[in-house]
Amino acid sequence: MKKRHLIYAACLLVGMGACAASAQKQVEDNPDVWKEYNTGAILFEDKAPETLGSDIYHRIIPDAESYIKEQARTVLATLYNSPEDSIPTVYKIHYTLEDVDGVSAKGGGNGDVTIFYSTRHIEKSFAANDTAKLFFETRGVLLHELTHAYQLEPQGIGSYGTNRVFWAFIEGMADAVRVANGGFDGPNARPKGGNYMDGYRTAGYFFVWLRDNKDPEFLRKFNRSTLEVIPWSFDGAIKHILGDEYNIDELWREYQIAVGDIQA
């Protein structure tokens with residue numbers, strides 16, 4: 001076990017360096033404004049201390065509370081221009097390691113957020129003893145779940161569990177924040193085909209493409225559109241942000257052609 005611990009320590013710096021570089025653009029956009037922002041109290045709890053996944057996690061993330069706050073500020077800088085924006089208040093984030101199937105999930109509400117991270121997933125991600133890869137995955141998963149804590153939600157169209165547009169926006173934006181901050185492993189992580197209504201990476205890469213090709217403030221404006229377009233819709237938000245001459249389905253087709261998934 002001591003030998004494995006040395007491997008963790010030696011590789012940690014590699015993983016941290018790669019992640020820091022991938023988030024550089026967001027840091028450059030908002031260098032100071034989020035440093036003092038109250039992200040909410042972080043309560044870290046290890047519910048599976050006897051597992052290998054727990055041991056691995058503590059080796060790569062020695063100070064979980066500080067690390068979670070750091071990633072929370074990255075999420076906030078991606079979704080908002082400044083702390084003066086309308087941001088959902090988060091009083092507490094109860095982050096747990098648990099010996100369960102799955103990867104991670106956010107729960108709770110009204111400012112009291114829960115997030116679990118599976119020690120089984122940690123073990124699977126570390127199967128090749130690649131600490132940098134696990135650190136990368138851990139950060140990406142955390143960015144996604146923290147987005148759910150701080151993002152705005154569509155109004156006038158039901159809820160996450162009752163409306164697919166609502167669901168696609170929520171999950172698409174969470175992966176868009178992950179994409180925007182280098183949280184996926186390059187272009188091969190982008191799903192081919194599909195539709196923005198598929199949410200997750202399929203929508204996330206599309207939203208980041210709109211930021212890169214249509215409006216550099218797109219992600220922040222798209223998040224804020226939930227306060228300004230009621231009842232909310234994808235096409236309504238697009239027209240609100242980019243102009244009435246744009247259409248969400250036409251933009252999706254343009255994107256699909258641009259990335260080579262379909263022919264013009």
Side-chain angles (χ1 to χ4, degrees), residues 1 4-27 39-40 42-79 90 93-107 113-151 171 173-186 188-189 200-201 204:
M1 203 61 167
R4 177 172 283 183
H5 289 174
L6 288 174
I7 293 172
Y8 299 152
C11 293
L12 177 58
L13 292 177
V14 176
M16 290 178 70
C19 288
S22 67
Q24 187 61 39
K25 184 181 186 303
Q26 294 301 334
V27 173
T39 61
I42 308 297
L43 175 60
F44 176 77
E45 181 181 4
D46 187 349
K47 292 186 176 183
E50 74 287 350
T51 63
L52 176 60
S54 167
D55 181 63
I56 295 168
Y57 182 90
H58 287 288
R59 297 294 168 180
I60 67 167
I61 311 289
D63 184 351
E65 292 183 8
S66 295
Y67 184 71
I68 293 167
K69 285 185 178 181
E70 176 188 351
Q71 302 313 315
R73 292 188 172 104
T74 296
V75 168
L76 287 159
T78 309
L79 291 174
V90 174
I93 297 176
H94 186 191
Y95 188 91
T96 58
L97 298 183
E98 301 187 25
D99 184 12
V100 294
D101 289 332
V103 179
S104 185
K106 176 260 183 186
V113 175
T114 62
I115 298 174
F116 83 81
Y117 191 31
S118 168
T119 56
R120 299 178 192 179
H121 180 70
I122 293 171
E123 292 169 21
K124 290 177 183 177
S125 300
F126 194 67
N129 291 342
D130 188 337
T131 302
K133 180 179 179 181
L134 174 61
F135 191 89
F136 185 87
E137 169 70 1
T138 296
R139 177 177 178 270
V141 169
L142 182 57
L143 288 171
H144 178 106
E145 301 302 347
L146 287 172
T147 299
H148 289 326
Y150 297 106
Q151 70 187 144
E171 296 298 349
M173 280 297 287
D175 269 359
V177 171
R178 184 172 176 177
V179 172
N181 290 284
F184 285 110
D185 191 15
N188 290 334
Y200 290 103
R201 286 180 294 159

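Contact record, Asp185 with Phe136: N-CE2, 3.7 Å, taken as the closest heavy-atom pair. Heavy atoms only, all atoms of each residue included: Gly53 and Ile122 are closest at O-CG2, 3.5 Å. For the residue pair Glu98 and Ala48, the shortest heavy atom distance occurs at C-CB, 4.2 Å. Of all non-hydrogen atoms in Val90 and Ala149, the two that sit nearest each other are CG2-O, 3.5 Å. When every heavy atom of Ser54 is checked against every heavy atom of Pro49, the shortest pair comes out as OG-CA, 3.5 Å. Taking both residues in full, the closest heavy atoms of Ser104 and Ile115 are given as OG-CG2, 3.7 Å, listed atom of the first, atom of the second, then distance.
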- prompt: Where do Met173 and Leu79 land on the side-chain contact (heavy atoms from CB on, under 4.5 Å) test, with the steps shown first?
  reply: CA-CA 9 Å; Met173 280 297 287; Leu79 291 174; 3.7 Å; yes

- request: Applying side-chain contact (heavy atoms from CB on, under 4.5 Å), run through Leu143 and Val75 and close with a yes or a no.
  value: CA-CA 7 Å; Leu143 288 171; Val75 168; 3.8 Å; yes

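Atom OG1 of Thr119 and atom CG of Asp55 lie 11.0 Å apart (nearest 0.5 Å). Note that CG of Leu134 and CD1 of Ile60 are 4.0 Å apart. Values are rounded to the nearest 0.5 Å. Glu50 CD to Asp46 CG: the interatomic distance, rounded to the nearest 0.5 Å, is 8.0 Å. Interatomic distance, Arg59 CZ to Phe135 CZ, rounded to the nearest 0.5 Å: 15.5 Å. In this structure, CD1 on Ile61 lies 12.5 Å from CD1 on Ile56, to the nearest 0.5 angstrom. Atom CG in Asn181 sits 5.5 Å away from atom CZ in Arg139 (nearest 0.5 Å).
With Ile93 as the fixed residue, the side-chain contact (heavy atoms from CB on, under 4.5 Å) test singles out one of Thr114, Leu146, Thr39, Leu43: Leu146. With respect to His144, the side-chain hydrogen bond (donor to acceptor under 3.5 Å, both in side chains) criterion is satisfied by exactly one of Glu171, Lys106, Arg201: Glu171.
A 4.5 Å side-chain heavy-atom check between Leu97 and His58 finds at least one atom pair inside the cut-off. The closest side-chain heavy-atom distance from Phe116 to Glu145 is not below 4.5 Å. Ile68 places a side-chain heavy atom less than 4.5 Å from the side chain of Leu142.
Between Asp99 and Arg120 there is a salt bridge, since a side-chain N of the basic residue sits under 4.0 Å from a carboxylate O of the acidic one.
Ser118 contributes no side-chain N or O that, together with a main-chain N or O of Asp101, makes up a donor-acceptor pair within less than 3.5 Å.
Around CG of Asp63, the count of heavy atoms belonging to other residues, nucleotides or ligands within 6.0 Å exceeds 12.
Classification of the Tyr57-Tyr117 ring pair by plane angle, with boundaries at 30° and 60°, yields perpendicular.
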